[in-house]
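Read through the structure below, which is laid out as structure tokens, and then see the notes.
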Amino acid sequence: MDFYYGMAQLIGVHTLLGLSAYVVLLTGQVSMAQAGFFAIGAYLGGMLTVLAGLHIVPAMLLAAVASALVATVVGFPALRVKGLMLVVATLAFGEAVRIFWFNFDYQIAKGNIQVGPLGGEGFKQIRYFPENGWSTADVAIFIWAWVIAAMVALWWMDRSRVGSVLRAVGEDELAAQSVGINLTAVKVSAMGIGGFIAGLGGAIYAHYTTHIEHLNFGVVLATFAIAYPILGGLSSVIGVLLAVIFIQGFLVEVLRFMGDWRNLLFGALIVLAMNVRPDGLFDARATRALKRLLGGRDA
Amino acid sequence: MKRLLTIAAAVGVAMSVGTTADAADRTVKIAGFGAMSGVVRSFGINTDAVMRAAAKAINDAGGVKLADGSMAPMEVSFDDDRCNAEEGISVVRRIASSDAVVGVGPTCSNVAEPLFGILQAKAGDEGDSGLQFPIFTDTAIKGGLAKISEWAFRNVPNESQMYQTLFEWLASEHPDAKSVYGGVEEDFAHSRFTWYKVMKTRSADAGYEVKGEAKWLLNDTNFTTQVRAMKRAGADVIAISAHPFTTCGVLKEMARQRVEYKVLVGLTSSSSLETLNGCAKQAEGIIIPTSFAPVNPDAVAAADAAAALGGSADLHSAAAWEIMMILKDVIETAGIQATADSVAADRRAIRDGLATLKTTKGLLGEITRTDEGEAVKPYVYVHAADGTWAVLHDPNT
Amino acid sequence: MADYWWDVIDPIQSVLDGMMFGSIYALIGIGFTLIFGVMHKINLAYAAASIGGAYASLVAFQILSAPALVVFLCAAAASGVIGYIVYICCFRFIPEHLPLATLMASVGMLILIDEVVVHATAGMPEPYPAMFDDVMIDISPFWIRGDLLMIFALSVVAMLILLYVLYRTRLGIATRAVAQQPSAAQLCGIGQQQTNAVTFVITGALGGLAGAMVGASVGILSPLLALPLTVKGLVVTVIGGLGSIPGAIVAGILVGGFENVFQYFRGVTERDIYVMLLLFVFLTFRPQGLFGRISTRD
Amino acid sequence: MLELRNLSKHFGGVRAVEELSLTIGQGEIFGLIGPNGSGKSTTVNLICGVFPTTSGAVVFEGRDLTDAPSHRVVAAGIGRTFQNIRLFGDLTVWQNLWVAQNSVKERETGWLTRWLGGERRGRDYAEELLKFAGLSDRSGELARNLAFGEQRRLEMARALAARPKLLLLDEPAAGMNAEEIRQLATRIRALREHGMTILLVEHVMELVMGVTDRIAVLNFGQKIAEGEPAEIRQDPAVRTAYLGTADA
């Protein structure tokens, strides 16, 4: 059973990462900086519990706020560029954040050992969960409480005017401006919300893996972050969750029995999925069907 | 919707872990894991082959004796963790949910470190909800990892000791060599640790003047600037703490710039086929302390058995052979049941057995074990000669 | 020579080395920029395909022991084929108006190519041939690596051939026509899909050459190379200006040179931060890149 | 109401608009005509802040709107449509109107309910707009699935959703048949009944001559004539520059 709780933890954390990219993608911005925000959340979250001795919840919230602030600041220069330029600019920012942590040392003595991030050797023993007697199931439930809160908030946002405004900006910036939408405000807020969610995810990530190092937050993680919403289809938060389950649950875990073939299939199945369902696994039609199922009005 | 449910059910079935153990034919299940994909794929391939070879050797000799005196065969599985921390954790949780009694792995330090973190720090500590599952690590050389958890054990050489004696030996062999210059793969935890905490301090202890170090990153390709500084320093000993890919890149650049040195020292984990495959010519003469070389009949037999199953026994994978043999002894001493109901007790028994071990038999001789779960393994100095690793000196003789 | 002299000579030498190494970034940058110019899409599998081609050419090297130049050409040919496969798998059948789907598919392809290489070689570093790697040209106080000079020369030749193909042949004119006015080009009887496919093959071949050059300059190949090359290639593409071939060439050499400057003065651990900062400087003060035009289309 | 003072826009060496001065009065329907490339759309874009002016000023109700960002222009009370329709294709008809509701009146309601409330808010006015555009039965349809004429009507409704005082219509009749143009003219007149001021940039003479109060004619970025439709029809400069080649 432990294994399933472990999987639930992993899927939950990656869902948060995917959701953070989802919000930003709605405004048409492909942000490769999410891994950077995730890293900020992870390092700060870890430092707050390990070094400052905070409870996990305020540590997470503080880390997420810091990450949101950084994301907001990144949002302004990101307004100037679009498309591939934005992809590369945010990629560069994410990498810069990673290299920052690679060069960052801050250790204090705790008992007879030194704790805290130590550059290239990483930040070890972030053992808040086991030290406080949280079982795997407790942690999984804790993580999912956050995930569900984030998903419900974003689902609601999607159905409110905010969601339509974000999508309007994503579709046609000029037209959006001409109906009175303040592009700067919308894009920067989207970045900020994305940064907040990524920060939350990062803070949990640090605690459930107990050890983080800069190499965990590289281009690969950034790619996964945008892969979830793209693969899931941009029509609803459910798609993000499905894509995380598809990648982390199916491609990584279920296919494990295939041994050597698993990794070859990994890339090939992503290519196939995009060819078969270029709109994403959970496209607009599926979302409408789900809304009807939930008894919502199909406006 | 119905189709969705069917798929969900199928996924659930595929994700489920086998927990059935037939009492009639009991087996001792050992779960190996390590990288079978990515750049360190060779680690996993070799460890997998060596574990299967060791299990075959044990089973051919009758298997393992259980608590009730019956003999049970050892059964080995192997999972790929991609050398990724999260996957490593998932794999171990999966193994721990099955009826395997002990885990062998992982290959990568960056998996071992988080992995040991999710284990219970002190065995039997009620307040610590960490996983209670013994893990015996073959590779993951980065220093001092086993102290993270009492459930973690390692069968890796003690780098600090190896390099200390190596530099002492070099000082006596090459009295004209006075200074050391380092090369370090700066962004990889293990190589970085080994240079700053091991090679640099140990060579200074042995009386060398440390003239500095060149730094590069693990996927760098251009070493001209670093090697120029290295050449300028004009040290007698060049010590490179890096993995095979950049070690080769740097050695090739050193050849181009005609860097002169008296002695070349390498990182323990570079004493593998990869280095020879990549740059045998430039690596010629590099001296590396290693805990495995086919220097005696036992070691040769182990290497041959592994080769028969498609793997190569090197310092990483040979450790897995030793682990299998140690586990056999520990299991027989501890007397486990190997039934479906005794899994938790068996694991605890194995852990306690491992924790009380003071010495074990290794392929190169006796291995002493520390209270922290670390090993002090016998080792030899090998050097690259004509495209193979040849034993240069055995400090035990 | 007095010690303080080295403080002057070393940085200059570093920049020289870096600039020559930068010609590899330029080759990768050209590939990205060309595909972007023609299709307005990113092919993230490009650098991986380049390394894949270089790996494929190992067959010629290890089994047939062909001379270095032949091995390089084999790499180009193999990458051309891979380029076509990438086109078919990631671009051909995915609708035009879904750029994110092609982006993701090319990521899948990147992973796939890397993993095929890993399976074929067990991830081991493989030695790669070079030309003139034992030649060291000494122009006191500087010296230049013979093999890097060779790589530089080969890159320049490859770029010249590419420019010739683009500006002087019917094929190139068709390519540029599709890049500028896809629908009008179609009316003139230029098949958009054929042109796209040809672009992938040509850029693929160019990438294969780049992959071979990387292998030759380091002396070894490793699947580790694909990701950093992708990142540097993208940076070069943006600094050079999207769609601009001369821009990619100059930016490649510029980034190569700057990389070594930063490494010399700030150390290897901070080097890439400054490269990224350089990119931000460009995005802020010259968002269209070195040679890019400000887009006047809305 | 709207005043353009010596407005100029140069793209490199091209003088798209040169020293253009216009005054549009409250409640007027003002036509802006001219041959292709004469600077009509550029003028609209300058008023809306799509790109910066080279020189000159845009003054609306006494406030200087020169180079103001687009969303401020909308907030000041100017709405627009595009020559080539730019709807949010992946949003429904209803949502297209919803996102455009940025007027002062809406802003007076609490921001929380305005932004995070459900789709029921602001329904009455949107309902009215849908009826006006003849799209009442298509509110749940994705905008991309509408027919061409419907899209034109939706775009106009969307521009009205922000409750503008001045509406800029950039070639609203392009691609329409005679019947649709007649309906469009009726709709434009109806808007004026509601007190709307309209700047109509158009190619189709039938429409311009039929509904406008005054017309200005552009050629090569410069105003060559201004006056009532009847005067413009007689103007010799206009005839040579424009009407001489087009069917009046």
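Each chain gets a letter, A, B and so on, in the order the sequences are listed, and its residues count up from 1.
Val99(D) and Val165(A) get closest at one heavy-atom pair: CG1-N, 3.5 Å. When every heavy atom of Ile181(A) is checked against every heavy atom of His71(D), the shortest pair comes out as O-CB, 3.4 Å. Taking every heavy atom of both residues into account, Ser70(D) and Ser178(A) meet most closely at CB-N, 4.5 Å. For the residue pair Arg86(D) and Ala175(A), the shortest heavy atom distance occurs at O-CB, 3.5 Å.
Around atom CZ of Phe148(D), more than 12 heavy atoms belonging to other residues, nucleotides or ligands sit under 6.0 Å away. A 6.0 Å sphere centred on CZ of Arg187(D) holds more than 12 heavy atoms belonging to other residues, nucleotides or ligands.
Annotation: the span from Gln101(D) atom CD to Ser164(A) atom OG amounts to 11.0 Å, rounded to 0.5 Å. Remark: Asn45(D) CG to Leu174(A) CG distance equals 7.0 Å, nearest 0.5 Å. Note that CD of Gln177(A) is 13.0 Å distant from CZ of Arg72(D), once rounded to the nearest 0.5 Å.
Looking at Glu171(A), the atoms closer than 4.5 Å to chain D (heavy atoms on both sides) all sit in the side chain, from C-beta outward.
Residue-level contacts of residues 182-194 of chain A with chain D, in order of numbering, are Asn182(A); threshold 4.5 Å between heavy atoms.
Ranked by heavy-atom pairs under 4.5 Å with chain A, the list Val73(D), Val50(D), Asp90(D) is led by Asp90(D).
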